[in-house]
Every structure is written in C-alpha cells, then in structure tokens.
Asker: 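Take a look at this one; I'll ask things after.
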Amino acid sequence: MAAAITGQKIRGIDRYGKFITIRLERGVLTVHLGMTGRLQLDAPPAKWTHAILTLDRGVLTYEDARQFGRIEYGPGIPERVAKLGPEPLEITLDEFSRRLKARHAPVKAALLNQAVVRGVGNIYADEALFRAGIHPKRRASSLSRDRMERLYRSMREVLAEAIESRGSSVSDYVDGQGRKGGFQMLHRVYGRTGEPCASCGAPVRKTTVAQRGTHYCGKCQK
DNA sequence: CAGATCACCTGCTTGC
DNA sequence: TGCAAGCAGGTGATCT
C-alpha cells in the first residue's frame, strides 16, 4: 500500500456511512475507525500508531488500540462498502419505512444494520429510539406508520445534533484536532443506566439487543 | 437469505 | 493490594 500511494496528491476527503474516504489521484483510501481508531494530524507516534502518512505539510497518523479499524486502498471504495444502505440524513421517509418494514429483527438491530441505513451506531440507535418512544426489541416490521415517522425524525434529529456537538466522548473519543465531543452531555439514555428518565423519572434500564448494550426507558418506550 | 452468535483486540472498571 | 471477570463508539465470518 505504501508503494502504491507514495507521491499521490490527496484530491478530497469524504464520509460514507462510518467510513472515511480519502480520494487520491489514482485510487481511494477507505478508513474505518472501528471502536478506538483515530486519524490525527501532527500527533507524535504512540504505542498503537499503525500507519504514518508523511504529507507535504505535516504527518497524518492512524492510531488504534483495539485494532478493530482498518485502512484499505483500491481503485474505488470496496464493493462491500459501496453496497451499504442509504445515508440516514439523505433517505426519504418512504424509503426508510420500506427498508424497516422488510425486517423482522428487533428495530434496534435493524437500525444498526449498515445494509439498512449506513452510519447509525450503538449510541445513536439508543438515543433515537428513546426520543421516538419505541422499545428497542420491538420488531422493525411491526412499526405503525406513525411510529415509523417518529423514528425517522428522531434518528435524523439525534444525528444532526450529535454532529453539531462534534460527537460523543464516552471514554476517549477525540476528533482530528484532538478535541473531545460534547454530545455525551445530551445523552438521555446511553450510559445512564439507573438514572431517572428525563421524561418520566422511571429508572433507565439496560438490556442486550444484537449483542450490544442497550439503554431505554421501560415506561416511555413501547 | 435474514438473523443469531461468536471472534477479533486492548484497556479500563468492578467485585471478590 | 491483587486478580479475574465484565464491558466498551463495530464489523465480518460462520452458523441455523
């Protein structure tokens, strides 16, 4: 990969779901941060730095303690990435409804499934379901038209607000400039197990859906 | 084919 | 204090 990309200019940087795509002159670097990956400019090499890209101005490093992330290089984005579902901030309500209606899995599992929509992760699935008043284990196909619309709006609202707050720093997340995000302050259920629900006061509960920790209000979410 | 389960890793917190 | 277990922003392979 080093030999293939050396000397190429960076033509643009975009995002595709949870993937970061760095467009070069003859190919594309496709990056996924996994759980603990970080792309940083001018950060000194550390214990878990796996890639060092020397640029004309500065050094771009990839650091990842858990090593769940990856960097791929090819003529375009990989096929398995290209065929993921639509962007949640671009999809229409009708298309969103069609896709969820086709899923028998718990609605939270469907939201996390990147083939359904691309980009919704564990925090934002929990937060969107809370705002929509929908129980995470309810079958996606069982959602009424009204609930489907509430979930659609909540998902987009949560993502837009999280982006505005530059993400959620639950433990160690920092952006490319090394700054922590601020959305964790606005989480209503994620990481708030046992605390009173912001809406009704009942304690926030925690369960498991699709092998992921799942936070919800048993009283507000049906 | 959709859905469920497990595997991949390190590091931090919790409980005995 | 020490140590084992449990848990964490996510996919991807492999089962049923």
Side-chain angles (χ1 to χ4, degrees), chain A residues 15-21 30-40 45-51 61-72 74 77-85 87-88 98-130 136-143 155 158-176 178-194 204-216:
Chain A
R15 179 190 58 74
Y16 190 93
K18 296 178 190 173
F19 294 81
I20 296 163
T21 58
T30 302
V31 182
H32 195 296
L33 303 178
M35 303 273 260
T36 51
R38 290 180 186 184
L39 274 179
Q40 291 183 285
K47 181 176 181 186
W48 295 114
T49 300
H50 302 287
T61 57
Y62 178 73
E63 198 177 315
D64 187 2
R66 286 182 74 181
Q67 296 163 244
F68 284 172
R70 62 160 91 182
I71 302 177
E72 297 166 84
I77 61 177
E79 178 59 25
R80 70 170 203 295
V81 175
K83 68 184 187 195
L84 296 177
E87 286 285 339
R98 269 197 296 278
R99 286 173 166 269
L100 283 195
K101 272 284 171 206
R103 297 287 163 166
H104 179 252
V107 59
K108 176 169 174 183
L111 280 179
L112 289 177
N113 185 342
Q114 305 295 293
V116 175
V117 285
R118 61 177 194 254
V120 178
N122 200 39
I123 292 175
Y124 305 119
D126 280 3
E127 293 297 316
L129 287 165
F130 172 77
K137 289 189 176 174
R138 172 175 285 279
R139 300 281 147 178
S141 55
S142 80
L143 292 184
M155 171 184 74
V158 161
L159 291 176
E161 288 178 19
I163 290 167
E164 183 71 22
S165 301
R166 300 182 351 272
S168 301
S169 293
V170 170
S171 53
D172 54 8
Y173 167 75
V174 289
D175 67 15
R179 297 183 306 172
K180 286 192 177 264
F183 194 68
Q184 67 282 2
M185 307 301 295
L186 302 174
H187 291 174
R188 298 187 193 166
V189 286
Y190 187 88
R192 297 196 179 281
T193 310
V204 171
R205 297 210 256 170
K206 187 174 181 191
T207 184
T208 301
V209 177
Q211 280 74 244
R212 313 299 303 279
T214 297
H215 315 73
Y216 68 105

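Side chains are part of it too, since the values below use all heavy atoms of this structure and drop only hydrogens, waters and symmetry mates. Chain identifiers are assigned alphabetically (A, B, ...) following the order of the sequence lines, protein sequences preceding nucleic acid strands; residue numbering begins at 1 within each chain.
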Asker: Once each nucleotide of nucleotides 7-16 of chain B is scored for protein heavy atoms under 4.0 Å, what B/S/- sequence comes out, 5' to 3'?
Answerer: -BBBS-----
Asker: Can you name the nearest heavy-atom pair linking A:L112 to A:N122, along with the distance?
Answerer: CD2-N, 3.6 Å
Asker: For A:M35 and C:dT11, what is the distance between atoms CE and P respectively, to the nearest whole Å?
Answerer: 10 Å
Asker: Going by atom types only, do A:Y124 and A:D126 share a side-chain donor-acceptor pair under 3.5 Å?
Answerer: no
Asker: Once hydrogens and angles are ignored, does a donor-acceptor distance under 3.5 Å link the base of C:dG9 to the side chain of A:T36?
Answerer: no
Asker: Find which nucleotide of DNA chain C each of A:K206 and A:V81 is nearest to by heavy atoms, and output the residue with the more 5' nucleotide.
Answerer: A:K206
Asker: Between A:R118 and A:E87 (salt bridge meaning N to carboxylate O under 4.0 Å), is one present in this structure?
Answerer: yes
Asker: Taking the inter-plane angle between the rings of A:H32 and A:F19 on a 0 to 90° scale, is it parallel (under 30°), tilted (30 to 60°) or perpendicular (over 60°)?
Answerer: perpendicular
Asker: Would you indicate, yes or no, if C:dG10 has its OP1 or OP2 atom less than 4.0 angstrom from a side-chain nitrogen or oxygen of A:H32?
Answerer: no
Asker: Please name the nucleotide paired to B:dC16 by Watson-Crick or G-U wobble geometry with both distances under 3.5 Å, or report none.
Answerer: C:dG2
Asker: Side chain of A:R103: nearest nucleotide among C:dG9, C:dG12, B:dG3?
Answerer: B:dG3
Asker: Measuring only the C1' atom in each nucleotide, how far is C:dG9 from B:dA4? A whole number of Å is fine.
Answerer: 22 Å
Asker: With distance as the sole criterion, is a donor-acceptor pair present between the side chains of A:K137 and A:T207 under 3.5 Å?
Answerer: yes
Asker: If pairing requires Watson-Crick or G-U wobble contacts with both distances under 3.5 Å, which nucleotide is the partner of C:dT16?
Answerer: B:dA2
Asker: Examine the side chains of A:K108 and A:T214 and answer whether a donor and an acceptor come within less than 3.5 Å of each other.
Answerer: yes
Asker: Rounding to the closest angstrom, what is the interatomic distance between B:dC9 and C:dT14 at atom P?
Answerer: 15 Å
Asker: Please determine, for the side chain of A:Y190, which listed nucleotide (B:dG3, C:dT11, C:dA8) has the closest atom?
Answerer: C:dA8
